[in-house]
Number of protein chains: 2
Amino acid sequence: MTANSHHNIRQVLRERIESGEWALGALIPGELALAVEYRCARTTINRALQTLADEGLVVRKRKGGTRVCQMPVRHAKFEIPIVREQVEVIGSKYRHQIMSQQKKTPTASVRTRLRIPDAKKALFMETIHLADERPYAYEERWVNIQAVPKIMDAPLDQISVNEWLVKTVPFSSGDVVFSAVNADKRVAGALESKVGNAIFLVDRTTWLGEEFITTIKLYYRDGYQLYSQL
Amino acid sequence: MTANSHHNIRQVLRERIESGEWALGALIPGELALAVEYRCARTTINRALQTLADEGLVVRKRKGGTRVCQMPVRHAKFEIPIVREQVEVIGSKYRHQIMSQQKKTPTASVRTRLRIPDAKKALFMETIHLADERPYAYEERWVNIQAVPKIMDAPLDQISVNEWLVKTVPFSSGDVVFSAVNADKRVAGALESKVGNAIFLVDRTTWLGEEFITTIKLYYRDGYQLYSQL
DNA sequence: TATTATATTATGTATGCACATATTATAATT
DNA sequence: AATTATAATATGTGCATACATAATATAATA
């Protein structure tokens with residue numbers, strides 16, 4: 001790493017912005033000027049500024065120059081969690097248990113949401129994820145067998161569906177919905193919680209191209225918190 | 001945009017990965033080989049691959065080469081929401097109402113969490129955010145007056161604290177915790193909900209460098225869902 | 001055999017240059 | 001004055017080159 005790596009320049013520029021030296025929305029010096037100031041090539045400055053633009057710290061326009069973002073957007077990022085890893089991170093022993101597993105015809109609402117033809121059956125599974133033998137999360141899942149026929153042969157007692165899918169059908173797109181729900185009898189029972197308790201629910205659906213892969217509802221145990229840095 | 005822009009190359013490479021041409025964890029051709037194949041400079045390939053690495057699609061190691069990520073991590077991103085915008089996006093009319101506003105000494109737990117000296121007071125506020133005159137979110141907030149003295153002069157009846165802070169003290173870092181809680185009497189009252197209902201809670205603290213700026217608890221009305229693409 | 005030095009290799013980075021492109025400012029035209 | 005052409009400018013991009021750096025493979029040594 002040379003003294004003038006674009007990393008260093010980027011960091012210095014970031015600090016000049018964050019310190020308020022350049023106000024919100026203000027125009028900052030052009031690439032050429034900065035290149036002179038830092039005694040480096042314009043390319044290096046360009047690289048640094050482009051990264052800052054990717055991060056949402058500055059906005060760049062041809063001829064218009066580079067200005068500090070008016071309202072820099074901070075993002076909270078979450079990874080698709082593999083429950084096993086979540087459990088192991090908190091230092092607990094992970095185990096999962098399949099409560100039910102059957103091919104059946106999804107309800108109408110699930111079918112339309114997942115664009116599954118009426119006649120087709122899908123795989124429905126209920127799984128309990130345990131941390132130190134205590135319920136950590138309760139999972140309801142539909143899997144599109146047409147899209148992932150191999151799942152019928154997967155050793156789902158050893159590796160959780162979650163993990164098997166992530167490692168087998170990667171690069172899928174999807175959406176996540178977080179919400180809070182009151183535990184009903186079924187969920188409360190599965191989580192050894194009480195009916196009515198506030199449960200953190202993650203509802204996730206993933207696609208491979210246009211094809212539906214899986215949809216899952218994850219009910220976390222009482223007091224679960226999803227943490228993220230900004 | 002030339003035919004061989006790193007954007008194009010990146011996209012093509014992405015597709016080769018996502019199509020499964022290169023399996024999970026597999027080594028992909030070196031930069032030089034790809035440069036020959038695509039008839040472009042190694043620099044261009046390098047640029048494309050570095051971006052893919054940033055995205056978490058490949059892992060690169062000097063001498064080791066570039067391999068497809070074993071378990072490509074998809075991220076869910078959330079912006080720090082300005083409640084007004086959340087409300088306006090769903091097509092409702094936004095209004096906020098300050099329920100209380102006072103300087104007072106934070107409780108011990110808040111003080112230690114926020115690293116505020118014992119003697120110092122902070123600004124405590126309760127705000128209701130309304131969508132079409134119905135409660136949308138209930139906000140409890142502590143603001144560090146030492147860090148943001150100007151807040152005492154801000155027109156907080158016109159612009160919400162949230163928005164004023166975001167636009168005045170930008171570039172802060174912070175953390176967010178999402179969880180589900182049962183509404184107590186106070187929260188239920190504020191949201192015109194019922195005691196015990198599951199409430200989606202966002203707990204956010206922001207810092208400017210080492211200095212505490214603000215901490216906020218946002219209780220969203222029943223049925224609120226936080227949505228994100230993967 | 002085990003350890004250490006050396007060479008090899010793929011990626012990482014900086015630079016100078018040329019040209020592309022979008023946007024703004026200015027001049028020319030109607 | 002309004003419209004249209006033209007020039008100026010800041011960023012965007014590609015390329016060839018050179019060297020840096022980390023990790024590995026190979027050879028030399030104890």
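- Taking atom CZ of B:Arg47 as the reference point, atom P of C:dT11 lies 17 Å away to the nearest angstrom.
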Open item on the list: Under the criterion ring pair (Phe, Tyr, Trp, His ring centres under 6.0 Å), I'd like the reasoning laid out for A:Phe200 against B:Phe178: C-alpha separation, chi angles, the key distance, then a yes or no.
Closed with: CA-CA 9 Å; A:Phe200 193 82; B:Phe178 297 93; 7.2 Å; no
Open item on the list: Using salt bridge (charged side-chain N to carboxylate O under 4.0 Å, His left out), reason through B:Glu88 and B:Lys93 one step at a time and then give a plain yes or no.
Closed with: CA-CA 6 Å; B:Glu88 286 170 357; B:Lys93 190 175 155 295; over 6 Å; no
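- The interatomic distance linking B:Ile9 (CD1) with D:dG12 (P) rounds to 19 Å, in whole Å.
- Residue B:His6 contributes atom NE2, which lies 8 Å from atom C1' of D:dG12 at whole-angstrom precision.
- At whole-Å resolution of the value, CG in A:Asp54 and P in D:dG12 are 10 Å apart.
- Listed nucleotides: C:dT11, C:dT21, C:dT15. Nearest to the side chain of B:Arg62: C:dT11.
- Within the structure, every side-chain polar atom (N or O) of B:Asn46 is placed at least 4.0 Å from both OP1 and OP2 of C:dT11.
- Nearest nucleotide to the side chain of A:Thr43, out of C:dT24, C:dC17, C:dT9: C:dC17.
- A salt bridge does not link A:Glu126 with A:Arg141: none of the charged nitrogens is closer than 4.0 Å to a carboxylate oxygen.
- For B:Ala41, whose side chain is taken as the heavy atoms from C-beta onward, the closest listed nucleotide among D:dA16, D:dT11, D:dT24 is D:dA16.
- As a whole-Å value, the separation of A:Arg39 CZ from C:dT13 P is 23 Å.
- The interatomic distance linking B:Leu27 (CG) with C:dT11 (P) rounds to 8 Å, in whole Å.
- A cation-pi arrangement, defined by a distance under 6.0 Å to the six-membered ring centre and an angle within 45 degrees of its axis, is present between B:Arg115 and B:Trp207.
- Between the base of C:dG12 and the side chain of B:Arg42 there is a donor-acceptor pair shorter than 3.5 Å.
- Nucleic acid contact class of A:Gly64 (heavy atoms, under 4.0 Å, all strands): none.
- For the OP1/OP2 pair of C:dT15 and a distance below 4.0 Å, the side-chain nitrogens and oxygens of A:Thr44 include at least one atom meeting the criterion.
- Checking C:dG16, D:dT13, C:dT23 against the side-chain heavy atoms of A:Gln50 singles out D:dT13 as nearest.
- For B:Lys61, the listed nucleotide lying nearest its side chain is D:dA23; candidates were D:dA23, C:dG16, D:dG12.
- Residue B:Lys63 contributes atom NZ, which lies 5 Å from atom C1' of C:dT8 at whole-angstrom precision.
- The shortest distance between the side-chain N/O atoms of B:Thr66 and the OP1/OP2 oxygens of C:dT11 is below 4.0 Å.
- Checked by atom type and distance alone, the side chain of B:Ser160 never pairs as donor or acceptor with a backbone atom of B:Leu156 at under 3.5 Å.
- Within the 4.0 Å cut-off from OP1 or OP2 of C:dG12, at least one side-chain nitrogen or oxygen of B:Arg60 is found.
- When the P atom of C:dT11 is taken as reference, atom CD1 of B:Ile45 falls 10 Å away, rounded to whole Å.
- Within the shown strands, C:dA2 is the pairing partner of D:dT29 under the Watson-Crick or G-U definition, both distances less than 3.5 Å.
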